[in-house]
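Just follow the structure's listing: the first ligand is 1, and inside any ligand the first atom is 1.
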Amino acid sequence: MQIALTGATGMVGSQVARLLAPRHDLRCLTRSPERAAHLRLPGLMVEADLGDHAALTRALAGAESVLAVTFDPLSPVHDERLLTAARQAGVRHVVKLSALAVTDPQAQDVITQWQRECEERVRASGMSWTLLRPRAFMSNSLAWAGTVRQEGVVRTLHGSSVNSCVDPADVARAAARALTHPQCAGRAYALTGPAPVSARRQTEELAAVLGRPLRHEELTEAQALDAWSSRFPRPLAQALLDSARRQAQGAKGEVREGVREATGREPGTFRAWARRHVSSFASGPAAGGSAAETSA
Ligand SMILES: NC(=O)c1ccc[n+]([C@@H]2O[C@H](COP(=O)([O-])OP(=O)(O)OC[C@H]3O[C@@H](n4cnc5c(N)ncnc54)[C@H](OP(=O)(O)O)[C@@H]3O)[C@@H](O)[C@H]2O)c1
């Protein structure tokens, strides 16, 4: 089967590529095949920016299904261009990476509103679809790697509040299945981990895996907003703050069945994720994080 992946060099897309490569003909979209070469992704690397309709149409030609991963809540045109190009290229099925916050009527921040609008476009696209709605990725904790290595500290806002965060490997498994199994069409999967976990608890888990003490330090809302504003445009920083407040009110702790339904496997724990990523917290350069990191 011919399958095209947007976000192919990212956290979820790269794992989807590795899962599908043995049995399928893959096109991995990236803005820079040269820069992406070090990832040694399977399949054909194809240059395409989500803002470039002509490049997208070329990249998607012949694909039967597409993984739709878009990134910029302030550029909704990316989703529109991707779907238009997919339809014109004859794509039959779209698997959209969305976020679980879309199901919470209290979530009115710009990131969640953008994901809701993206979902509406997918539903109205005329192609068949599957919606993947993950809670926060466990990998968001890679943003703590620098301070863990240098100071033995994790700093977050609302550190005792819980999130039923999900291993991105489970999200990738769900995506791989949805891209290749017609019975996933028309379904929305709520993807969470097996238990709600707080940043304080994650700090303890990381300490256990690293075998050295770590401590959690609470940020004030002003400190957290300053930190986000130094990395993201102000509306996105504000959305992350709104999202953290909803988490503090208990909106993100529920465990859902989507990983089991979509993959037939039990969802992975934070401890298991931390064991696989221990080297990021023990040595090497600090990892970044995306604007959408805590929006789910
Ligand atoms: N992090 C979370 O907790 C969380 C939770 C729920 C939902 N989500 C959703 O997951 C999605 C992000 O997935 P991810 O974490 O796997 O992605 P990611 O690791 O942030 O991937 C970044 C990718 O963006 C690509 N990219 C950025 N701008 C682009 C553009 N203009 N055109 C083409 N490609 C572009 C980059 O590819 P190149 O540099 O190779 O071009 C790169 O592969 C978002 O939609 C987010 O809302 C995230």
Side-chain angles (χ1 to χ4, degrees), residues 4-18 27-39 41 45-53 55-56 59-60 66-82 85 95-104 107 109-119 122 131-143 163-172 174-175 188-193 197 199 202 231-232 236 239-240 243-244 247 252 256 258 270 273 287-296:
L5 308 175
T6 56
T9 60
M11 179 60 67
V12 172
S14 60
Q15 298 184 68
V16 176
R18 293 193 174 98
R27 303 242 186 101
C28 297
L29 277 63
T30 170
R31 288 165 300 174
S32 169
E34 296 76 33
R35 214 176 48 226
H38 73 282
L39 292 173
L41 285 177
M45 301 300 290
V46 184
E47 183 172 337
D49 189 298
L50 288 166
D52 183 343
H53 176 76
L56 285 171
L60 300 181
V66 168
L67 176 65
V69 186
T70 53
F71 309 93
D72 188 352
L74 304 178
S75 297
V77 69
H78 285 174
D79 297 89
E80 208 174 293
R81 296 219 168 117
L82 177 60
V95 176
K96 159 73 185 153
L97 182 54
S98 180
L100 190 47
V102 299
T103 61
D104 178 356
D109 60 88
V110 290
I111 298 174
T112 307
Q113 282 177 353
W114 160 72
Q115 285 287 21
R116 270 194 202 107
E117 285 161 19
C118 295
E119 285 197 359
V122 169
L131 303 175
L132 303 179
R133 293 172 172 162
R135 204 34 108 195
F137 297 168
M138 290 175 180
S139 51
N140 292 346
S141 59
L142 289 169
N163 189 307
S164 55
C165 53
V166 61
D167 188 332
D170 286 329
V171 180
Y189 293 96
L191 304 173
T192 73
V197 59
Q202 286 174 304
R231 291 161 60 200
F232 308 119
L236 300 190
L240 293 174
S243 172
Q247 178 166 317
K252 302 189 185 184
R256 304 287 296 270
F270 183 75
W273 178 90
S290 75
E293 67 191 18
T294 59
S295 67

Pro134 heavy atom under 4.0 Å from ligand 1: yes
Whether Ser98 lies under 4.0 Å from ligand 1, heavy atom: yes
In terms of atom number and element, which parts of ligand 1 are under 4.0 angstrom from non-hydrogen atoms of [X]?
{"X": "Thr30", "value": "38 (P), 40 (O), 41 (O)"}
{"X": "Met11", "value": "15 (O), 16 (O), 18 (P), 19 (O)"}
{"X": "Leu97", "value": "10 (O), 11 (C), 13 (O)"}
{"X": "His78", "value": "31 (N)"}
{"X": "Asp49", "value": "30 (C), 31 (N), 32 (N)"}
{"X": "Trp114", "value": "45 (O), 47 (O)"}

Test of proximity, Leu50 against ligand 1: N or O pairs below 3.5 Å: yes
Close N or O approach (Gly13, ligand 1; < 3.5 Å): no
Over all atoms of both residues, closest heavy-atom pair of Val102 and Arg116: O-NE, 3.0 Å
For [atom], tell me which residue out of [options] has the closest non-hydrogen atom.
{"atom": "atom 30 (C) of ligand 1", "options": "Arg31, Met45, Met138", "answer": "Arg31"}
{"atom": "atom 16 (O) of ligand 1", "options": "Leu132, Val12, Leu100", "answer": "Val12"}
{"atom": "atom 37 (O) of ligand 1", "options": "Thr70, Asn140, Thr9", "answer": "Thr9"}

Which segment of [X] sits under 4.0 Å of ligand 1 when only heavy atoms are counted:
{"X": "Val69", "value": "side chain"}
{"X": "Gln115", "value": "side chain"}
{"X": "Phe71", "value": "side chain"}

Side chain to side chain contact (heavy atoms under 4.5 Å, CB included) between Leu29 and Leu56, intermediate numbers included: CA-CA 9 Å; Leu29 277 63; Leu56 285 171; 3.9 Å; yes
What I'd like to find out is whether the side chain of [X] reaches to under 4.5 Å of the side chain of [Y], using heavy atoms alone.
{"X": "Lys252", "Y": "Cys165", "result": "no"}
{"X": "Cys118", "Y": "Asp79", "result": "yes"}
{"X": "Phe270", "Y": "Asp167", "result": "no"}
{"X": "Ile111", "Y": "Leu236", "result": "yes"}
{"X": "Asp170", "Y": "Leu191", "result": "no"}

Partner set under salt bridge (Lys or Arg N to Asp or Glu O under 4.0 Å) for Asp104, not counting sequence neighbours: Arg246
Any side-chain donor near an acceptor of the partner, Glu119 and Ser98, under 3.5 Å: yes
Set of side chain to side chain donor-acceptor pair (under 3.5 Å) partners for Gln113, sequence neighbours left out: Gln108
